[in-house]
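Chain naming here is simple, since letters A, B, ... match the order of the sequence lines and numbering starts at 1 in each. Hydrogens, waters and symmetry mates play no part in the numbers below; they use all other heavy atoms, side chains included.
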Amino acid sequence: MQFAPRRKWNLLIKSSNKDGFFLESLDLYSSLLKSGCHGDHLTFTFVVKACAQLASLWSGRKVQSHVILLGFQSDVFVQTSLLDMYSKCSSLSEARQLFDEMPSKSVVSWNSMISAYAKEFQTQESFRHFNEMRSCCFRPTSSTCVSLVSGCSGSTSALQQGQSVHCFGTKLGFHSDLRLWNSILTMYVRFNLIDDAISLFDSMKERSAITYTTIFGGYAKLGDCLMVLNLFNQIRLKQIGLDAIVFVNLISSCALLGRLLIASSVLSLLIRNGLDCEPNVAAAVVNMFAKCGDIFSARKFFDSVTKKDVLLWTSMIGGYVHADLSRTALDLFEDMISTDLPPNKITIITILSACAAIGSLSAAEQIFEHIDAYGFKSDLQTQTSLIHMYCKCGCLERAEEIFNALSHKDLAAWSSMINCYAFNGKGEESLALFKEMLKDKSIKPDAVVFTDVLSACNHYGLVEEGLKFFTSMQLQYGIEPSKEHYSCMVDLLSRAGYIDSSLEFISRVPVQLRSQLWTPFLSALRTSNGAQLENILPNRWEVESESTGNHVLLAGISASLGKWKDARDFRMSIDKRGLRKEAGWSRTELYS
DNA sequence: CTAGGGTTAG
C-alpha cells in the first residue's frame with residue numbers, strides 16, 4: 001500500500017526540483033511524512049538536492065537523520081547527495097566525515113569531495129583526493145578536471161597545478177570538453193594572465209556564451225573595452241545563445257569606457273532583446289549611465305524598473321555619490337528603507353561614502369541604526385568605511401577607536417587610517433602607521449596607499465622621506481607612478497623651495513604626464529619663497545598651452561614678485577584665449 | 001559531481 005503513493009510523491013518532488021521550486025520540494029516532503037509515509041532512496045536524493053540548492057544546512061541535517069533512521073547509510077546515491085549538500089552549505093567538515101564513513105564510493109562521490117575542497121580553494125586537499133582516487137582505480141572524468149581547475153583559480157600558487165590538469169585532461173581525451181576549456185580560461189583570467197587567456201580563446205574551436213563572458217572579463221581587466229564591443233558584435237552575427245550574463249559583462253565594459261553614446265545604444269539593444277527588465281541587468285544599466293556621467297538617464301531608467309531589488313537601489317545610490325550628489329543619495333536611501341527592502345552590506349558601504357562626501361556626522365548617525373539592525377557592525381569592509389567616514393567628518397578619535405579594535409586588518413583598513421591621519425594634518429602619525437603596516441609582510445602596499453603616504457610627506461614637508469618612499473614604491477614594490485604620485489612629489493619639492501630639483505624632477509616624468517604637472521608646480525611656486533619666474537621660462541610654451549588656469553597662476557606669481565608688466569601680459573593672454581571650458585558630453589534623450 | 005556576471009569601502 002505504501003509503495004504506490006510514495007512513488008507519486010517522488011515524481012512530484014522531482015518535477016518541483018526541476019522547475020527550481022526547492023522550497024516546494026521540502027513542503028512536499030513534509031506532506032509525505034504527514035501522510036504517514038517515509039522516504040525511500042529516490043525521495044532522499046531529491047529532497048537532499050533541494051536542501052543543497054537552498055543552502056539549508058538545518059533541513060539537510062534533519063533529512064540526514066531520517067536517512068540514518070531508515071538505514072540508507074550504505075546507499076551510494078543518497079550518501080553522495082548528502083555529501084554535496086554539506087559542500088554547498090559550506091560545511092566541509094561534515095562533508096568530509098560523511099565521505100570517510102561511506103561504505104562504498106562512486107566516481108561522483110570522489111568528484112563531489114574534490115569539488116567541495118575546490119570550492120573552499122583548498123587546492124592541496126583537492127589534489128590529494130584526486131591522487132587517492134586514482135590509486136583506488138577510479139578513472140577521473142572531465143568533471144573531476146573542471147573541479148580541480150576551478151579550485152586552482154582561487155589560490156595564489158596553484159597555476160602550475162591547474163595547467164597540469166589541462167595536460168592530464170587532454171591525455172584522457174577530454175580535449176573536446178568545452179567546460180574544461182572554459183574553466184581553464186577562467187583560471188588564466190583570474191591569474192591576470194590575459195595574454196594566455198586570449199591565445200587560448202583564439203585557439204578554441206567551440207565557444208559558448210560562458211566562453212565569451214569569461215574573455216570579456218579578461219579584456220575588461222586590460223582596460224580594452226573596445227575589444228569587448230568588437231567581440232560582442234562577432235557573437236551577434238554568430239547567433240550564439242546570448243543570455244543576461246553576457247549582457248551584464250558587456251554593460252560593465254561600457255561603464256568602464258564611459259561613453260554615453262555607446263551606453264545608449266547598448267540600452268536599445270537590451271530593449272530589443274527583452275532583457276532591460278531583468279533584475280541582474282537593470283543594476284548594471286544604472287551603473288553604466290552613472291559612470292558615463294549621465295545621472296539623469298540613470299534615474300530615468302531606475303524609475304522605469306517596476307521590480308526594484310537591493311542591487312538596483314544600491315547602484316542608483318552609488319550613482320548619486322559618484323555624481324557628487326550625496327544629499328540625493330541619502331534621500332534615496334531613505335526611500336529604499338521606507339519600501340521595507342533591507343539594505344545589504346554594499347548599500348551600507350555606499351551610503352557611508354555619501355556621508356563621508358558630505359562630511360556630516362548627523363547624516364551618518366541616522367545610518368547607524370541600520371548598521372546595527374542588519375548586523376554589519378563586525379564586518380571589516382563596513383568598519384573601513386566607518387573609519388573613512390569619521391575621517392572626513394573630522395572625528396579622528398572615533399576613527400582611531402574603530403581601527404584599534406580591529407582584530408584583523410587588510411590593506412584597505414590600514415590605508416584608510418593612514419589616509420585619515422594625513423587628511424587631518426597628522427603627517428607624522430600617518431607615516432608611523434605606514435611603517436608599522438610594512439612590518440606585516442602579508443600586506444603588500446599598492447598605488448593607493450602610496451598616494452596617501454606621499455601626500456602625508458607633502459603635508460609635513462618631509463622631502464627626503466618623500467623621495468625615499470617614491471623610489472621604494474617603484475623599485476621595491478614595482479608600482480608605476482601615476483599622475484597623482486608625480487604631482488604630489490612636484491608639490492612637495494616646490495613648496496619646500498627646491499625649485500631646481502622640482503624642475504629636474506618634472507623633466508624626467510614621461511612626456512604624456514609632464515604637461516599636467518605645471519599646474520601643481522605653479523600653485524606651489526606661488527606659496528613658496530623661492531619663486532623665480534625665470535625658472536619656468538624655458539618651458540613657457542608647454543606651461544601656457546596646457547590650461548587657462550596656468551595663465552592665472554603665472555599672472556599671480558608675476559604680481560607677487562612685483563613684475564607688473566609680466567602680470568599684465570599674462571592677464572591679456574587669458575582674455576585673448578577666452579575662458580575656454582572643457583568639452584563636455586551633451587545629454588541625449590533616450591526614451592522619448 | 002561540472003565552466004561565466006551585476007551594486008562596493010581605502
Using the side chain to side chain donor-acceptor pair (under 3.5 Å) rule, take A:Ser252 and A:Asn249 through it: C-alpha gap first, then chi angles, then the decisive distance, then the call.
CA-CA 5 Å; A:Ser252 11; A:Asn249 272 270; 5.0 Å; no
If only side-chain N and O atoms of A:Lys291 are considered, is one of them under 4.0 Å from the OP1 or OP2 phosphate oxygen of B:dT8?
yes
Using a 3.5 Å distance criterion without hydrogens, assess whether the side chain of A:Ser315 forms a donor-acceptor pair with backbone atoms of A:Ala283.
yes
For A:Lys308, report the nucleic acid contact type (base, sugar-phosphate, nothing); a contact means any heavy atom under 4.0 Å.
nothing
For a quick check of understanding: with a heavy-atom distance under 4.0 Å over all strands, which category does A:Lys119 fall into, base, sugar-phosphate or nothing?
sugar-phosphate
Quick one: label A:Thr213 by what it contacts on the DNA or RNA (base, sugar-phosphate, nothing), any heavy atom closer than 4.0 Å.
base
Mind checking if A:Val246 touches a base, just sugar-phosphate, or nothing, with heavy atoms under 4.0 Å?
base
Applying a 4.0 Å non-hydrogen cut-off, can you work out what A:Arg190 is touching in the nucleic acid: base, sugar-phosphate, or nothing?
sugar-phosphate
Check whether A:His129 reaches the backbone of A:Ser126 with its side chain - one donor and one acceptor, N or O, closer than 3.5 Å.
no
Residue of the set A:Leu172, A:Thr144, A:Val107 for which side-chain contact (heavy atoms from CB on, under 4.5 Å) holds with A:Arg139
A:Leu172
Nearest-Å distance, CG (A:Leu180) to P (B:dC1)?
18 Å
Could you work out, with side chain to side chain contact (heavy atoms under 4.5 Å, CB included) as the rule, every residue matching A:Thr80, not counting sequence neighbours?
A:Val76, A:Met102, A:Ser106, A:Val108, A:Ser109, A:Ser112
Atom-to-atom span, CD of A:Gln381 to P of B:dT7 - whole angstrom:
14 Å
Side-chain N or O of A:Lys409 closer than 4.0 Å to phosphate OP1/OP2 of B:dG10:
no
Rounded to whole Å, please give me the gap between CD1 in A:Ile245 and C1' in B:dG6.
9 Å
Can you tell me how far P of B:dA9 sits from CG of A:Leu352, to the nearest Å?
11 Å
Figure out the CD1/C1' separation between A:Ile114 and B:dC1, and round it to whole Å.
10 Å
Euclidean distance, atom CG of residue A:Asp309 to atom P of B:dT7 [Å, nearest integer]
12 Å
What about A:Asp243, does its side chain sit under 3.5 Å from the base of B:dG5 through a donor-acceptor pair?
no
How is A:Leu411 classified with respect to the nucleic acid when contacts are heavy atoms under 4.0 Å: base, sugar-phosphate, or nothing?
base
Which nucleotide, B:dG10, B:dG4, B:dT8, lies nearest any side-chain atom of A:Asp446?
B:dG10
Indicate, yes or no, whether a donor-acceptor pair under 3.5 Å links the base of B:dG10 to the side chain of A:Ser416.
no
What is the distance from CG of A:Asp379 to P of B:dG10, rounded to the nearest Å?
14 Å
Could you give the NE2-to-C1' distance, from A:His388 to B:dT8, as a whole number of Å?
13 Å
Which part of the nucleic acid does A:Asn280 contact within heavy-atom distance under 4.0 Å: base, sugar-phosphate only, or nothing?
base
